Amino acid sequence: MDYRRSYVKDIFSLAPGSEVDAYGWVKTRRDSKGVSFVQLSDGSCFQDLQVVLEAGAFPEETVKQLTTGTSVRFRGEVVESPAAGQAVELKATQLEIYGIADATTYPLQKKGATMEFLREISHLRVRGNTFGAVFRVRSEAAYAVHKFFHERGFRWIHTPIITASDCEGAGAMFAVSTSLEATGHGDDAQWKLKSADPTQDFFGKPAFLTVSGQLEAETMALGLTNVYTFGPTFRAENSNTARHLAEFWMIEPEMAFCSLEGDMKLAEEFLRYVIQHLLDHCGPDLEFFNQRIEPELLKTLEHVATSSFEHMTYTEAVEALAASGEKFEFPCHWGADLQAEHERWLTEVKVGRPVILTDYPKEIKAFYMRLNEDGKTVRAMDVLAPRIGEIIGGSQREERLDILEDRIEEFGLPKEAYWWYLDLRRFGSVPHAGFGLGFERLLMYVTGMKNIRDVIPYHRTPGSAEF
RNA sequence: UGCCCCUUAGCUCAGUCGGUAGAGCAGCUGACUGUUAAUCAGCGGGUCGUUGGUUCGAGUCCAACAGGGGCAGCCA
């Protein structure tokens with residue numbers, strides 16, 4: 001057998017009379033007197049191929065084996081379908097079963113299951129409508145990300161996944177070590193510490209999984225001008241919410257000779273581009289999400305793809321919240337970080353679409369963000385989206401050596417560890433900016449899926465690393 | 001990490017006041033020349049998450065544990 005070069009999706013555009021093989025998994029079978037209908041899917045598109053098994057064409061025992069989940073090849077003739085629901089169907093003349101799926105034990109049924117149940121059978125859920133659509137959209141979105149940056153002259157760079165600097169400052173980190181040895185299996189497994197001395201460890205010092213490629217991306221931008229990362233990122237926070245993962249994919253563009261204004265422009269163009277690409281290339285999948293997952297989805301995406309985002313400063317947002325008359329659980333005041341309820345009000349009630357907030361108090365943002373003239377705020381921006389909250393966080397970076405050194409000191413960070421980061425400001429420093437975008441959060445936004453664990457094949461969250 | 005909720009048939013769920021268990025779908029048997037979550041008739045299917053407690057009696061009340069989920073914080 002060769003790898004597949006044609007798929008179920010291609011069969012729909014074949015001329016009636018064509019003879020083809022259709023490979024895939026049975027989604028359902030309907031029997032009538034003398035005729036059976038099989039819905040066949042190979043994941044290549046949302047629509048199933050209807051395969052018609054006419055009376056006497058195959059032994060009854062064989063047809064009965066075609067239960068949900070069975071893998072099969074049909075050979076047959078493409079014919080115009082006399083019934084509604086599909087333009088063409090396959091009149092089967094040959095049938096080969098690769099692997100049966102016992103209907104009494106196969107967990108997927110044709111009727112809907114809950115997302116929570118499907119998550120527990122993540123290895124099988126991709127065969128269903130919802131997750132087939134999710135992972136087609138995920139793939140297409142990833143392609144659109146690369147296409148967007150490539151068309152604008154950005155270089156895709158690969159920043160390290162293992163980092164020995166614990167100073168990225170974006171959250172709790174997973175240690176990477178060969179000093180620990182696992183003994184036993186399952187519930188009996190134990191860690192054995194071979195050495196507590198980091199100098200005896202693999203890298204000769206403590207090492208971690210990256211929480212952000214930003215600092216390294218900055219070094220690459222100050223040579224290649226426009227770069228982006230797109231890769232896995234790890235946070236060891238004990239976050240138990242529908243929008244946090246311990247392992248997720250992040251996109252981080254970084255631009256030299258660019259201010260926060262350019263950064264915001266890129267963020268907006270980027271989101272609109274990806275959404276438009278998906279509207280153009282994933283129509284049936286998005287249509288399904290619109291019908292079954294999120295009723296306002298298509299309306300929202302079409303609106304976002306064609307209209308500009310609302311811009312507000314943090315200070316304006318705080319004023320709007322104060323004047324809103326809403327009863328918030330946590331009242332908001334200047335200097336405090338916005339709570340989820342505040343973000344929701346801004347995006348869902350006040351604006352009704354994504355909003356970009358800028359110029360946050362320096363105390364609640366990272367040390368590397370460029371200090372404003374007022375000495376109180378920094379050139380930060382967050383893109384907040386309805387339903388999702390923060391989807392992008394970015395800033396113009398502090399390019400002035402003396403101020404950056406002061407900021408590192410204010411944060412109580414070890415200056416020596418940043419020697420190479422500070423070198424960027426010593427040698428040919430330049431205004432530059434960038435942002436980080438959580439790929440899975442973007443996918444939640446474009447699919448309407450409610451839990452981030454359902455837009456990645458196998459989620460890693462506290463207490464959960466199955467598969 | 002804090003607060004809260006859930007766990008009953010393969011799946012989705014009912015189960016009243018504590019009195020020994022129900023439906024739909026799936027499966028099986030049959031009916032129906034073309035269905036689209038096909039339809040119709042019949043049949044089988046349960047250690048009520050686990051352990052302990054209260055009680056004459058626990059799916060139901062209590063506790064611990066396990067698994068799943070929601071909200072919040074941390075963030076992308």
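Convention: sequence-line order gives letters A, B, ...; per-chain numbering from 1. These values consider heavy atoms only, across backbone and side chains, with no hydrogens, waters or symmetry-generated copies. Here the structure is a predicted model, which means the values were calculated and not measured.
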Asker: Decide whether Ser81(A) and Glu89(A) meet the rule of one side-chain donor and one side-chain acceptor closer than 3.5 Å.
Answerer: yes

Asker: Considering only NZ, NE, NH1 and NH2 on the basic side and carboxylate oxygens on the acidic side, decide whether Glu348(A) and Arg387(A) come within less than 4.0 Å.
Answerer: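 Between Arg387(A) and Glu348(A) there is no salt bridge, as every charged N stays at least 4.0 Å from the carboxylate O atoms.
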
Asker: Check the distance between C75(B)'s C1' and Glu247(A)'s CD and give it to me in whole angstrom.
Answerer: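 Taking atom C1' of C75(B) as the reference, CD of Glu247(A) is at 17 Å.
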
Asker: Salt bridge between Asp263(A) and Lys265(A), side-chain N to carboxylate O under 4.0 Å?
Answerer: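 Result for this pair is no, no salt bridge flagged.
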
Asker: Using atom P in both nucleotides, what's the gap between C65(B) and G2(B) to the nearest angstrom?
Answerer: 12 Å

Asker: Identify which one of Phe435(A), Phe149(A), Phe270(A) satisfies the ring-ring contact (aromatic ring centres under 6.0 Å, His included) criterion when paired with Tyr228(A).
Answerer: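 With Tyr228(A) as partner, Phe435(A), Phe149(A), Phe270(A) yield a single ring-ring contact (aromatic ring centres under 6.0 Å, His included), made by Phe149(A).
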
Asker: Which whole number of Å gives the distance between the P atom of C61(B) and that of G19(B)?
Answerer: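 The answer is 11 Å between these two P atoms.
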
Asker: When you compare U50(B) with A66(B), how far apart are their P atoms, in angstrom units rounded to a whole number?
Answerer: 16 Å

Asker: Without decimals, in angstroms, what is the distance between Gln86(A) CD and A38(B) P?
Answerer: 12 Å

Asker: Is Lys33(A) near enough to C32(B) that one of its side-chain N or O atoms lies under 4.0 angstrom from OP1 or OP2?
Answerer: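 So the side chain of Lys33(A) is within the cut-off, an N or O lying under 4.0 Å from OP1 or OP2 of C32(B).
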
Asker: Assess whether a salt bridge exists between Glu140(A) and Arg136(A), defined as any Lys/Arg side-chain N lying under 4.0 Å from an Asp/Glu carboxylate O.
Answerer: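 No, this pair does not count.
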
Asker: For G57(B) and G52(B), measure between their P atoms and round to the nearest Å.
Answerer: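 Those two atoms are separated by 16 Å.
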
Asker: Report the residue (Asp382(A) or Arg292(A)) whose heavy-atom-nearest nucleotide on RNA chain B is the more 5′ of the two.
Answerer: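 Comparing both residues, the 5'-ward one is Arg292(A).
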
Asker: Let me know the distance between CE of Met381(A) and P of C75(B), rounded to the nearest Å.
Answerer: 17 Å

Asker: How far does the P atom of C56(B) sit from the matching atom of G15(B), given to the nearest Å?
Answerer: 28 Å

Asker: Determine the interatomic distance between P on U12(B) and the same-named atom on G30(B); round to the nearest Å.
Answerer: 30 Å

Asker: Heavy-atom contacts under 4.0 Å between residues 139-147 of chain A and RNA chain B, which residues?
Answerer: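 Residues of residues 139-147 of chain A that come under 4.0 Å of RNA chain B do not exist, since none gets that close.
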
Asker: May I have the distance from Gln47(A) (atom CD) to A37(B) (atom P), rounded to whole angstrom?
Answerer: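 Spelled out: CD on Gln47(A) to P on A37(B) is 12 Å.
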
Asker: Taking only the side-chain heavy atoms of Pro82(A) (C-beta and beyond), determine which of U36(B), C32(B), G34(B) contains the nearest atom.
Answerer: G34(B)

Asker: For the side chain of Ala103(A), starting at C-beta, report the closest nucleotide among G30(B), G27(B), A76(B).
Answerer: G27(B)

Asker: Syn or anti: how is U50(B) classified when any glycosidic angle within 90° of 0 counts as syn?
Answerer: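 Anti, which is what one calls it when the glycosidic angle falls more than 90° from 0.
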
Asker: Would you indicate whether the side-chain heavy atoms of Met381(A) and Ile392(A) approach each other to under 4.5 Å?
Answerer: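 The answer is yes, as the side chains (C-beta and beyond) meet within the 4.5 Å cut-off.
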
Asker: Rounded to whole Å, how long is the line connecting atom CG of Asp48(A) with atom P of A38(B)?
Answerer: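 That distance rounds to 11 Å.
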
Asker: I'd like to know whether the aromatic ring centres of Tyr143(A) and Phe148(A) sit less than 6.0 Å apart in this structure.
Answerer: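 Not under 6.0 Å, so no.
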
Asker: Does Lys64(A) reach a base, just sugar-phosphate, or nothing at all? Heavy atoms under 4.0 Å.
Answerer: sugar-phosphate

Asker: How does RNA chain B look in dot-bracket form if you count Watson-Crick and G-U pairs under 3.5 Å, write [ ] for pairs that cross, and put | where a base pairs with another strand?
Answerer: (((((((..((((.....[..)))).(((((.......))))).....(((((..]....))))))))))))....

Asker: Sticking with atom P, work out how far G59(B) lies from G22(B), rounded to a whole angstrom.
Answerer: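 G59(B) and G22(B) have their P atoms separated by 14 Å.
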
Asker: So that I know where these two stand, are Phe230(A) and Phe439(A) an aromatic pair - ring centroids less than 6.0 Å apart?
Answerer: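 Distance test on ring centres: under 6.0 Å, yes.
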
Asker: Have a look at Tyr368(A) and tell me which of Arg407(A), Glu398(A), Gln214(A) forms a side-chain hydrogen bond (donor to acceptor under 3.5 Å, both in side chains) with it.
Answerer: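 That would be Gln214(A).
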
Asker: Rounded to the Å, how far apart are Asp31(A) CG and C40(B) P?
Answerer: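 The distance from CG of Asp31(A) to P of C40(B) comes to 16 Å, rounded to the nearest Å.
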
Asker: If the P atom of C17(B) is compared with that of C32(B), how far apart are they to the nearest Å?
Answerer: 48 Å

Asker: Closest nucleotide of RNA chain B for Thr28(A) versus for Thr105(A): which of these residues is on the 5' side?
Answerer: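 Closer to the 5' end of RNA chain B: Thr105(A).
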
Asker: Using a strict cut-off of less than 4.0 Å between a Lys/Arg side-chain nitrogen and an Asp/Glu carboxylate oxygen, indicate whether Glu247(A) and Arg235(A) qualify as a salt bridge.
Answerer: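 No, no charged N to carboxylate O under 4.0 Å.
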
Asker: Does a side-chain N or O from Arg30(A) land closer than 4.0 Å to OP1 or OP2 of A38(B), or not?
Answerer: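 Result: yes.
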
Asker: Which letter, B, S or -, goes with each nucleotide of nucleotides 67-73 of chain B from 5' to 3', with contact meaning a protein heavy atom under 4.0 Å?
Answerer: -SSSBBB

Asker: At less than 4.0 Å, is any side-chain N or O atom of Thr114(A) found next to OP1 or OP2 of U12(B)? Yes or no.
Answerer: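 True: Thr114(A) side-chain N/O within range (under 4.0 Å) of U12(B) OP1/OP2.
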
Asker: Assess whether a salt bridge exists between Asp382(A) and Lys365(A), defined as any Lys/Arg side-chain N lying under 4.0 Å from an Asp/Glu carboxylate O.
Answerer: yes

Asker: Are side-chain N/O atoms of Gln396(A) and His432(A) paired as donor and acceptor at under 3.5 Å?
Answerer: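 Result is no, nothing qualifies.
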
Asker: Evaluate the side-chain proximity of Gln39(A) to Arg30(A): yes if any heavy-atom separation is below 4.5 Å, no if none is.
Answerer: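 Arg30(A) vs Gln39(A): side chains touch.
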
Asker: Measure from the ring centre of Phe37(A) to the centre of the six-membered ring in the base of G34(B), then say whether that distance is under 5.5 Å and the planes meet at under 30°.
Answerer: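 No.
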
Asker: Hey, does Leu108(A) reach any base, or is it just sugar-phosphate, or nothing, if we go heavy atoms under 4.0 Å?
Answerer: nothing

Asker: Go through the side-chain N and O atoms of Ser464(A) and His459(A) and say whether any donor and acceptor fall under 3.5 Å apart.
Answerer: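 Checked: Ser464(A)/His459(A) side chains pair up, N/O donor to acceptor below 3.5 Å.
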
Asker: Where the side chain of Gln50(A) is defined as all heavy atoms beyond and including C-beta, which of G34(B), A76(B), C13(B) is the nearest nucleotide?
Answerer: G34(B)

